[in-house]
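Worksheet: the structure to be examined is printed underneath.
Whatever order the structure lists ligands and atoms in, that order sets their numbers, starting from 1. Only this structure's heavy atoms are used, side chains among them; waters, hydrogens and symmetry mates stay out. Positions are given from 1 along the sequence.
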Amino acid sequence: MISMQGTGVSPGVASGTLHFYHAANADVRRIVVFDRDAEWERFLTAQAAAVEQLGVLAEEVRQKSGDDAAALLEGHQLLAEDPDLTDGVEALIREQGLCAEAAVMDAGKALAEEFAALDDPYLKERSADIKDVSGRIVSCLNGGSGTAALPGPVILAAEDLAPSETVQLDKDLLLGLVTAGGSASGHTAIMARTMGIPAVIGAADILDPALEGKEVFIDGDTGTIIVEPDPETRAELLTKQEEQRKHAQLLKTLQGQPSVTLDGQAVRVCCNIAGPQDVPAVLENDGEGVGLFRSEFLYLGREDYPDEETQFEAYREVLSALSDREIIIRTLDIGADKQIGYLDLPKEENPALGKRALRICLDRPELFRTQLRAMYRASAYGRLGIMFPMVASEWEVREACVMCEKVQHELKEEGIPFSDEVKIGIMVETPAAAVMSDRLAQLVDFFSIGTNDLTQYTLACDRQNRSLGRFCDTHHPAVLRLIRLVAENAHRHGVLVSICGELAADLSLTETFLAMGIDELSVSPRSVLPLRQKVRETDVSACRSALLEALD
Ligand code: PEP
Ligand code: MG
């Protein structure tokens, strides 16, 4: 048995025979041509063929994997006609008499290197796209279709795989994907996730020729790769695979079914997401909406603030892709365990009790304003709710609402469209907010209970501190009583109440939450269907009083 560690970028366990991918254009002919005009014409014909191929492919991919995957290929169409690439090729053909194949490879390589040298991680990634597009034009010069065939069901290993190569591989034969290079935000990883194929990147040793044809297991969650596992490891991996198979089965039977109890009580089962990349998972798992979009992920892993346009695009993408469902975007929740250097926050003794979330936004109105502008602009594309995290006092909500009004006024003045049906809500995740929920309910449209922080602050247990063990009881009656209080106060004032912390997915509490009348449970996409199943098996009227009395 050999084990290797890479980075899991598309979840799931896959097993099969390891097959090495050999790029069709690894070696191109390199000759000097006599008729330079004819060679230039050859290039133009191949360029047009590549653009056409990409258009056809984009349509196929749109049917199979949705708009995001297709958009990538449409981007490649534009790149295939990029003026810098075209000019570079023309210069090499006309000035040096280089054959079109070598001219495309050289000009593509030079342009790719320019992109790779840029600081912006997004533009850096475009380097791989340029290489991909150049390879396709060369393939067209050679009369190729640009489609790679697989010998049978395999785990595919490659140095790196261009996105257009990835989407063309037969989905029924591609069991999993491992690359030696690549990055989690790279398009290959994105494509693998979109196609639902387990993938691991950055596994430098996978291309050892001795491994080709061997049996391999890859775990796209942990990034582990096991070649020829011993019996015990094989059993573990097969169990995980079996769990996934069951999940897929569940998916089929519960897709499109309502989340309603046996006695007819409905609850909305929604998803927690971190950005547009999670939209396919929401759709696949039949999330009934997005109960928590943690917008801070747009701010993490960057050198500087995401500007209004960047944020608008991300919010718009989610809202338009899920325009039939409600999307709750939480304003920036940074601080405590999520730090970003460019915010220049002073070091704090107790960051969990310090400047975080709404506190930062209220103290930095420009930061807050930019985010709210992006959100309101995106509201024109779907059904938006805006939610403020870490509220402790009524004045904080009032001040945040004033900023929302200001932003709406600005957009109106500028003639920028936005929806006038945007809902405003708060996270109830401090004991103060829970205790004051009767008053807070008069200021907002909805509550979402953040049980992760509510537990931390109620029990005085740092959520990052694993050693607290039994002292940090997530089922503690103090927390459950606060949740019940929030639900009662919310309903008394006609406010919807959701739970979006980890506890929402805890199936041992589903009956209790239903008994409290919680309107929505928002969980990670993979938890939606198991939770729906639990809801559909529950008879709340039979257990309501006993469950509520147990909390008295
Ligand atoms: C929570 O606190 O329960 C919550 C959902 O927010 P986060 O985990 O992002 O702090
Ligand atoms: Mg929280």
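T224 places no side-chain N or O within 3.5 Å of a backbone atom of D219 that could act as its donor or acceptor partner. Side chain of T538 to backbone of E511: no donor-acceptor contact under 3.5 angstrom is found.
Distances below 4.0 Å separate heavy atoms of R463 from the following atoms of ligand 1: 2 (O), 7 (P), 8 (O), 10 (O). Residue M427 has at least one heavy-atom neighbour below 4.0 Å for each of these atoms of ligand 1: 4 (C), 5 (C), 6 (O). Interface atoms of ligand 1 facing E429, defined by a heavy-atom separation under 4.0 Å, are 1 (C), 2 (O), 6 (O). Against a heavy-atom cut-off of under 4.0 Å, G450 is close to the following atoms of ligand 1: 1 (C), 2 (O), 3 (O). Near G501, meaning under 4.0 Å from any of its heavy atoms, are these atoms of ligand 1: 3 (O), 5 (C). Near L292, with a cut-off below 4.0 Å to any heavy atom, the atoms of ligand 1 are 5 (C).
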Query raised in the report: Could you go step by step and tell me if R544 and Q265 meet the side chain to side chain donor-acceptor pair (under 3.5 Å) rule?
Result: CA-CA 12 Å; R544 180 176 285 113; Q265 182 175 324; 2.9 Å; yes
Query raised in the report: Do Q311 and T370 pass the side chain to side chain donor-acceptor pair (under 3.5 Å) test, and can you show the C-alpha distance, the side-chain angles, and the key distance before you say yes or no?
Result: CA-CA 9 Å; Q311 292 191 55; T370 305; over 6 Å; no
Requested in this report: Please assess T455 against D453 for the test side chain to side chain donor-acceptor pair (under 3.5 Å), listing each intermediate value before the final yes or no.
Outcome: CA-CA 5 Å; T455 307; D453 277 316; over 6 Å; no
Requested in this report: Please step through side chain to side chain donor-acceptor pair (under 3.5 Å) for the pair S295 and R330, ending with a clear verdict.
Outcome: CA-CA 6 Å; S295 71; R330 174 171 78 182; over 6 Å; no
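Around the Mg ion (ligand 2), the protein atoms of type N, O or S that sit closer than 2.8 Å are E429 OE1, D453 OD2.
Salt-bridge annotation for R492 and D438: absent, with no side-chain N of the basic residue lying under 4.0 Å from a carboxylate O of the acidic one.
In terms of protein heavy-atom proximity, atom 5 (C) of ligand 1 is nearest to R294 NH2, 3.5 Å. Protein heavy atom nearest atom 6 (O) of ligand 1, with residue, atom name and distance: R330 NH1, 2.9 Å.
For Y305 and Y299, the ring centers sit 6.0 Å or farther from each other.
At a cut-off of 3.5 Å, with distance as the only test, no side-chain donor of N272 or S524 sits close to an acceptor on the other residue.
Checked against a 3.5 angstrom limit, the closest N/O atoms of N452 and ligand 1 fall inside it.
For the pair R126 and F115, the NZ or CZ position fails the cation-pi test of under 6.0 Å to the six-membered ring centre and within 45 degrees of the ring normal.
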